[in-house]
Amino acid sequence: MSAPLLCVHDLTVAVQDGAGPRVLLDRISLDLGAGDVLGLVGESGSGKSLLCRALIRLLPSPKLRITGGAVFLEGRDLVTADEREMLKVRGGEIGMIFQNPTSHLDPVMRVGDQIAEGIRYHQGLSQRAARAAAVEILAQVGFADPNRQYNGYPHEFSGGMRQRAMIGVALSSNPKILIADEPTTALDVTIQAQILRLLLDIRDRRGLTVILISHDLGVVAQTCDRIAVMRNGELVEQGDKRSLLAAPQHPYTKALIESHPSMPGEGVATAAIAQPAPALRPLLEIDDLHVRFPSGAGLFAAGPKTISAVKGVSLRIMPGETVGIVGESGSGKSTLARAILGLAPLSSGHISFDGADLGQNRAKALQKLRSEAAMVFQDPFNALNPRLTIGEMVAEVLRVHGKAVADIPARIGELLDLVGLEREFADRKPRSMSGGQCQRAGIARALAVEPRMIIADECVAALDVTIQAQIIDLFRALTARMSLTLLFIAHDLAIVRNLCERVVVMYRGEIVEEGRCADVFARPQHAYTASLIRAIPDIDPDKPLRADLLSPSVAETGSGRVSDQPSAAFNW
Amino acid sequence: AGVLTIGRREDSTTFDPIKTAQNIDFWVFSNVYDVLVRVDKSASKLEPGLAESWTVSEDGLTYTLKLREAKFSDGSPLTAGDAAFSLLRIRDDEGSLWSDSYKVIDTAVASDDRTLVIKLKTPSAPFLSTLAMPGASIISQKGMETLGPDTYAESPVASGAFTVKEWRRGDRVILEKNPNFWEADRVKLDGVEWISVPDDNTRMLNVQAGQLDAAIFVPFSRVAELKKDSNLVVHMDPSTREDHLLINHEKGALAKKEVRQALDMAIDKQAIVDTVTFGLGEVANSFIPKGALYHYAENLQRPFDPEKAKQMLADAGASDLALNYVVRAGDEIVEQTAVLLQQQLAKAGITVNIQKVDPSQEWDMLVAGDYDVGVNYWTNDILDPDQKTTFVVGHDTNMNYMTRYKNDKVKDLVTAARIEMDPAKREAMYIDIQKMAKDDVHWIDLYYSPYINVSRSNIENFDQNPLGRFFLEDTVKN
Amino acid sequence: MHRYRFVLYRPLQFLPVLLGISIITFVLVRLIPGDPARVLLGSRATPAAIANIRAQYGLDEPLWVQYFYFIGNLGQGEMGKSILYKIDVLRLIATRLEPTLALVLSSVAQSILIAVPLAALAARHRTRLPDHAVRIVSTLGIGFPPFWLALMLIILFSVRLGIFPVSGYGGSLTDKLYHLALPSLTVALSLSAVLTRSLRAAMVQALESDVATAARARGMPESIVFWRHVLPNSLVPTVNLLAVNIGWLIGGTVVVESVFALPGLGQLLVRAIFSRDYMVVQGVAMVFACATVLVNFLADIITVALDPRVKL
Amino acid sequence: MAVLGLFLVLAVFAPFIAPYDPIFQDAAARLHAPSPAHPLGTDNFGRDILSRVIWGARIDLQIAVIGVVFPFIIGTTLGTIAGFFGGIVDVIFMRVVDVVLAFPFLVLMLSIIAILGPGLGSFYIAMALVGWVSYARLVRAQILVLKNSDYAVAAISLGFSRSRVMFRHLLPNAAAGSLVFVMSDAVLVLLNGAAISYLGLGVQPPLAEWGVMVADGQSFISTAWWITLFPGLSIVLLAFGFSLLGDALADLMGVHE
Ligand SMILES: Nc1ncnc2c1ncn2[C@@H]1O[C@H](COP(=O)(O)OP(=O)(O)OP(=O)(O)O)[C@@H](O)[C@H]1O
Ligand SMILES: Nc1ncnc2c1ncn2[C@@H]1O[C@H](COP(=O)(O)OP(=O)(O)OP(=O)(O)O)[C@@H](O)[C@H]1O
Ligand SMILES: [Mg+2]
Ligand SMILES: [Mg+2]
Ligand code: NI
């Protein structure tokens, strides 16, 4: 380890709100040498982001104060430095990549200009020189056509591109230390791998010191030299990557390592699931399904263009089956799920549910579908009406589905128990709940329908590994007990491998591979499936990260989530 | 010398004399055009205008007017032909608002350049007075024919003291001295600007700040304050304005004379004068206003006696009288009067429901008889009382000014007075008419009020006669 | 999809809107009881004279016939003749357009000049003294009835101090601006109050947004953060609010026009309504409508220019 | 908030608080300056200004409330329907909105007053005819976004009826922003009322309404300032109260105007 560049010494941050001071960061101390890559892991809310913001004294709210400790950057104490000094430190010496690029990039400014702005300010270059330098940075962070993309606006970029733009902006002021706060959490594995590779590349090229925050131990294991583990505002453990992974001291670290899904723990358990009796008729039949979205037209061009989100998908699902759907972001998984429930326009093809054809007798089929099938939506927070309490929300479903009023409170209680939420959550509104709690409420609501089929769209992505495991167990129990049919969408292959019997791999709107889980994961037929599997970051640092992709364009066209897209007039 | 700037509420609408009946127009173009016969400053007699003399035939049907040497503003001579053209135009033109009043003309011929001969269909005592009406201003036939009526209405060729130099619509009319005016020597001002300043406060502030030389339509409430300012002179020139309460004679109990009389007694006119006009008005006793020809000063003046009124109403079986009182919205004076009357009439047990309506809708309601009472006012256009008398009690086409008043004796007397050429006899007839109308309570006379204008103290001779004409040819700006 | 494509097809949609407005105005003003002929003739009116005038202006025709005349005229670029002023409505409007336009433009300019710095001041010192002061002042600015405010300004600036003319509209350009100072200040005081509040709210949000934080984390000084990131991100709602308000202003300057004796369209319109000068009411209504539509169109263009995410 | 409360109290208990009858004319006490007998002076009819201001609170609160309630209800409902159904319904709706927006308010207001006569009724009708547009636009824009939100889609997927989704799930969320706007709108309504009074078309005399009082008192602005000042201040204070309430609502619901 080289001489420390950054020394954090007993850094303490407290919040001063109604109930008196509360310590959020408790005497954090750590050292960082030049060229080091430090991985900061810990559970959600443990103070990782806060620590980084405290370093550059940009606390999220005036109620938060640094109450003690020191941060030495090459000998200067940043805690006591004056604002003018800090202006130079921020960006110039410590660059920051924020957790959520979408909200941190200026939506009304060209991406290139945002990069050039830092260059001009910190390096005092002329406008023209700054532009050239910005183009150079764009190229460095992997933009295929930097001259054109210089003029793009953030909303025109996919999630992965935005993340790279964010990195570009952070690099623009040529910092010595780069802090990357969960740079890949929102992305799927293949792009995640790309971004991580990019960070390492830059580190190598520029000799940067990096702090990488993640809650995924696998990511950290693949990229860092050293690891620090946080929990409840404390730094519980830190040390060299290998020794820490090999011999964790703190129980929390141990739990983290154990529940990492790349451990092929109970992969065999799937086989143990009750084999459904071969049914005569599939519950859900999809035949050559196409879903197209209008996407406007040029200034003079006549006739609208369309985007094909789902292209010719055919799928047959038997009652009681558990099917996983995987694929990169934007490959059409959610769209397929929505189309099944009649929530996306059906451009051509057939969907029939238990014999009722959605194309022929739409009203009747929809009625049947919506009372016998339920969906858990991808975005846990937004899928809940912010104005209703969880209890009201579930009660409404029960009422509409004809439950006697007297039985409703009891049933709500049962459902909350089922998803592992305390009963007092019946009186909470989504705003006061964490992402994981919202996700479980959404599952409870889906179960309230007493459906024969559940379509679960990324229903564990926002959850901590420990809670993830809990939900998976719930589904497993439900399928076994109530012979529920489950369509499980995820980009996390490990979970699918654990839960599902059958897996469907989607790529750019098509099904590229389909088969029993064990087979597909063991012997992927399609190149894309293979690359997906390879891109899973393994917790074993000696299995290196594989970011080889089909082509760079794949990453760049894969766009963001559905909810990013203000959709054209589509009517249910 | 100098240009006189005068603020007023509204801008002119036209300079075509036959196409307007509004004072805002008349008051400006009576200094732009000249008429054959003029009314003097005190509005007590007619005096020569463009006609330097006239004779009337024995039978009262033929008028021969001798015109003086005069020129139009473009320098062309004003001839009897132009005069005949003007009179026939006001009678015949389809855009004329005044044709009814000039239907009495049978022919108007220029027997030579200086002599105009007018033949009437029937004798008419007020005829000379109608020649003094601004609508009968003399226009240039050649000018009208070459310019066309639309252009002429904006930049007329006229023979008065001033000519229209520029008209910024909605803002101001700029007049300059007319060197061709036959009395050009009399005119001291270089020009006059009539500037529209709709807001009363702003208009007064303009004069107070010295940005205007004068302003007309001074609200009663401002007089006392303006008088205190030594830089200003407040002019209160007698007018022919009379404010009255119209009564719809066809509405239930109002058909009874006693009820109307009771109403008259239930109204404290002095209180109105005090509150609404700030003591500047004068209680009215006849529909022919004070200062107008044949006003009967001794006419009956019923005392304010709410108790008696109440009694009379009870006797007439109308003790729970409820009246629908139409009020013209946007007229402060009328609204204030209504608020006062409502409280006064309540003392006599009469319920008054105020119904505020938009001004031009008020006309419709009055015409349709869709009201019980309402306040209105009248100012004379001509010197002779015939015009108002005919409209108000002469059983003319407008239902006696929408009151639906009917009294055939009055009607006959009005017709007779119109053709009576002996002034003394006429006066007697008009006194009778005033007495009878008062007895019938055709409407309730409320008060007379003066024209109130204000000018800077360096302005002299800024006078208005009771018919509203300004004598700007005499005004001096020091 | 090209973001400015609406510039091409939006004007087509103006047509039905203007047509709708013309029909409503037409029917509405004719529904009002009252008769232009009677207004013209005054108290001396006789039924014959009234009938004569009505015939002259075609008011005796059935309503739909009158409407078709109107539309027909409009097609030929005419709007008929004013009953009260006896000249072409279009000419009449032309003479009155300038003061109103000038008033609206200068008040908008003034209010922007007032609102932007005030909002910035308040937002940057959120919940501290300047913020409270600005918020109180702006609420007061909204609350004063304009005619009262106008009179107070006249009494202070014109009568007491003699800095500005009491009223009127000047001749030369500088004279006009000089005359417009107080009227536009009157309008601007209340307009800027509205704008300030909206802009402050947007700026407070933008100042606390991730975008601003990110810029600060890059070491940008507060001035760059404000001018390059906060301001552009807070303008859009205010631009639209401004557009709506300009729409209101165009049709609602009558009070200020009459207090300051500006010979504008507002006064003309009120006068025309009161005297049932149908053609003029229609004409002015159409002009106002066109102006409003154009202003909104402009606001849309500005919005698209300001915010690349917006599609119309 | 306290301001609004104060006015509410004044309005409700006007008969008990006001020292005089608001329409009683005392010829002996015309244009008296503020004095112990008449704390805010008297007007040109000798009516007590204080009493009139207190009674005026009734009418003006009513104006502000009714003037926004109907537009709010109409606007949010129509906006929800247009935004939700989209397509041709929405296109027609937006054009109607354009027409109303571009229609000169003065023409409408004066026409309605002329047709129905001056007074509160006409004023409310005119406000309702025009005022709904802003709410409708706001709500529609919100609905357009919200109807694609996951929770709306979720509600649909649970088999809820359209009207249930529209009015129970979407509208309450979409209307939050408008509710804040209601407060600033109430101020505008008050001022519109005052402007109408300036043109002489305010409420029927002898009712006491602040706008009318200010307008009527104008003739005395230099001789009896108290006639205009106190009702004018009341308008400002009420406006202030509404703005503060709006701010409080905004903070409460986490929305900014
Ligand atoms: N403005 C604030 N006021 C009060 N507490 C705050 C504030 N911001 C953050 N916190 C608290 O500080 C703690 C640390 O938050 P931080 O964002 O650093 O978590 P994290 O480790 O980055 O979590 P995640 O993995 O979810 O991003 C949390 O308990 C959070 O509730
Ligand atoms: N309403 C819509 N309008 C236009 N395009 C849409 C719409 N919904 C989805 N798309 C596009 O369809 C494609 C598939 O989207 P979908 O949400 O199904 O992807 P996904 O596989 O669920 O991705 P993720 O893993 O990010 O959730 C994407 O390119 C997306 O941009
Ligand atoms: Mg974080
Ligand atoms: Mg998805
Ligand atoms: Ni706020």
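Note that the structure is a prediction, hence the values are computed from the model and not measured.
- The residue among B/N398, B/D199, B/N206 with the most heavy atom pairs within less than 4.5 Å of chain C is B/N206.
- The greatest number of non-hydrogen atom pairs below 4.5 Å with chain B, out of C/Q267, C/E257, C/R160, C/R96, is found for C/R96.
- Applying the 6.0 Å contact sphere to NZ of C/K176 captures more than 12 heavy atoms from other residues, nucleotides or ligands.
- In this structure, the side chains of C/P263 and B/R169 stay at 4.5 Å or more apart for every pair of heavy atoms.
- Between the side chain of C/K86 and the backbone N or O of B/K19, at least one donor-acceptor pair lies under 3.5 Å.
- Ranked by heavy-atom pairs under 4.5 Å with chain B, the first of C/A261, C/G168, C/P99 is C/A261.
- Within 6.0 Å of OH in B/Y377 there are 12 or fewer heavy atoms belonging to other residues, nucleotides or ligands.
- Residue contact with chain C, scored on non-hydrogen atoms closer than 4.5 Å, involves the backbone of B/S196 exclusively.
- Only the side chain of C/L92 comes within less than 4.5 Å of a heavy atom in chain B; its backbone stays farther off.
- For B/S101, no part sits under 4.5 Å from any heavy atom of chain C, backbone or side chain.
- At a 4.5 Å heavy-atom cutoff, B/E362 makes no contact with chain C through either its backbone or its side chain.
- The shortest side-chain heavy-atom distance between B/D11 and C/R271 does not fall under the 4.5 Å cut-off.
- Put simply, CG on B/D171 and OH on C/Y169 are 9.5 Å apart, with the number rounded to the nearest 0.5 Å.
- In this structure the side chain of B/D358 reaches within 4.5 angstrom of the side chain of C/F274, judged on heavy atoms.
- Atom OH of C/Y178 has more than 12 heavy atoms from other residues, nucleotides or ligands within 6.0 Å.
- Interatomic distance, B/N201 CG to C/I154 CD1, rounded to the nearest 0.5 Å: 8.5 Å.
- The one candidate from B/R203, B/M204, B/Q211 that meets the side-chain contact (heavy atoms from CB on, under 4.5 Å) condition with C/V166 is B/Q211.
- Each of C/I87, C/N52, C/I155, C/T95 has some count of heavy-atom pairs under 4.5 Å with chain B, and the biggest count is that of C/I87.
- Residue with the most contacts toward chain C among B/A153, B/G95, B/S12: B/G95 (heavy-atom pairs, distance under 4.5 Å).
- Separating the OH atom in C/Y85 from the OG1 atom in B/T14 is a distance of 11.5 Å, to the nearest 0.5 Å.
- Contact annotation for B/D200: neither backbone nor side-chain heavy atoms come within less than 4.5 Å of a heavy atom of chain C.
- Using a 4.0 Å cut-off between a side-chain N of Lys or Arg and a carboxylate O of Asp or Glu, B/D150 and C/R91 do not qualify as a salt bridge.
- For the options C/I273, C/I50, C/V259, heavy-atom pairs under 4.5 Å to chain B are most numerous at C/V259.
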Start with the C-alpha distance between B/V367 and C/R38, add both sets of side-chain angles, then the distance that settles side-chain contact (heavy atoms from CB on, under 4.5 Å), and finish with yes or no. CA-CA 10 Å; B/V367 171; C/R38 193 172 293 284; 3.2 Å; yes

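- Note that the CD atom of B/E94 and the CD1 atom of C/I53 stand 9.5 Å from one another [nearest 0.5 Å].
- Heavy-atom pairs under 4.5 Å with chain C peak, among B/L366, B/V197, B/L205, at B/L205.
- Taking B/G210, B/G170, B/A329 one by one and counting their heavy-atom pairs under 4.5 Å with chain C, the maximum is reached by B/G170.
- Heavy-atom contacts from other residues, nucleotides or ligands closer than 6.0 Å to NZ of B/K103 number more than 12.
- The parts of B/A21 that come within reach of chain C are both its backbone and its side chain, each placing non-hydrogen atoms under 4.5 angstrom from that chain.
- Looking at heavy atoms from C-beta onward, C/L40 lies out of side-chain contact with B/T20 at the 4.5 angstrom threshold.
- If you check the side chains of B/S360 and C/D35, you find no donor sitting under 3.5 Å from an acceptor.
- B/D100 touches chain C through its side chain: at least one heavy atom from C-beta onward sits under 4.5 Å away, while N, CA, C and O do not.
- Here the straight-line distance linking atom CD of B/Q22 with atom OG of C/S275 works out to 8.0 Å at 0.5 Å rounding.
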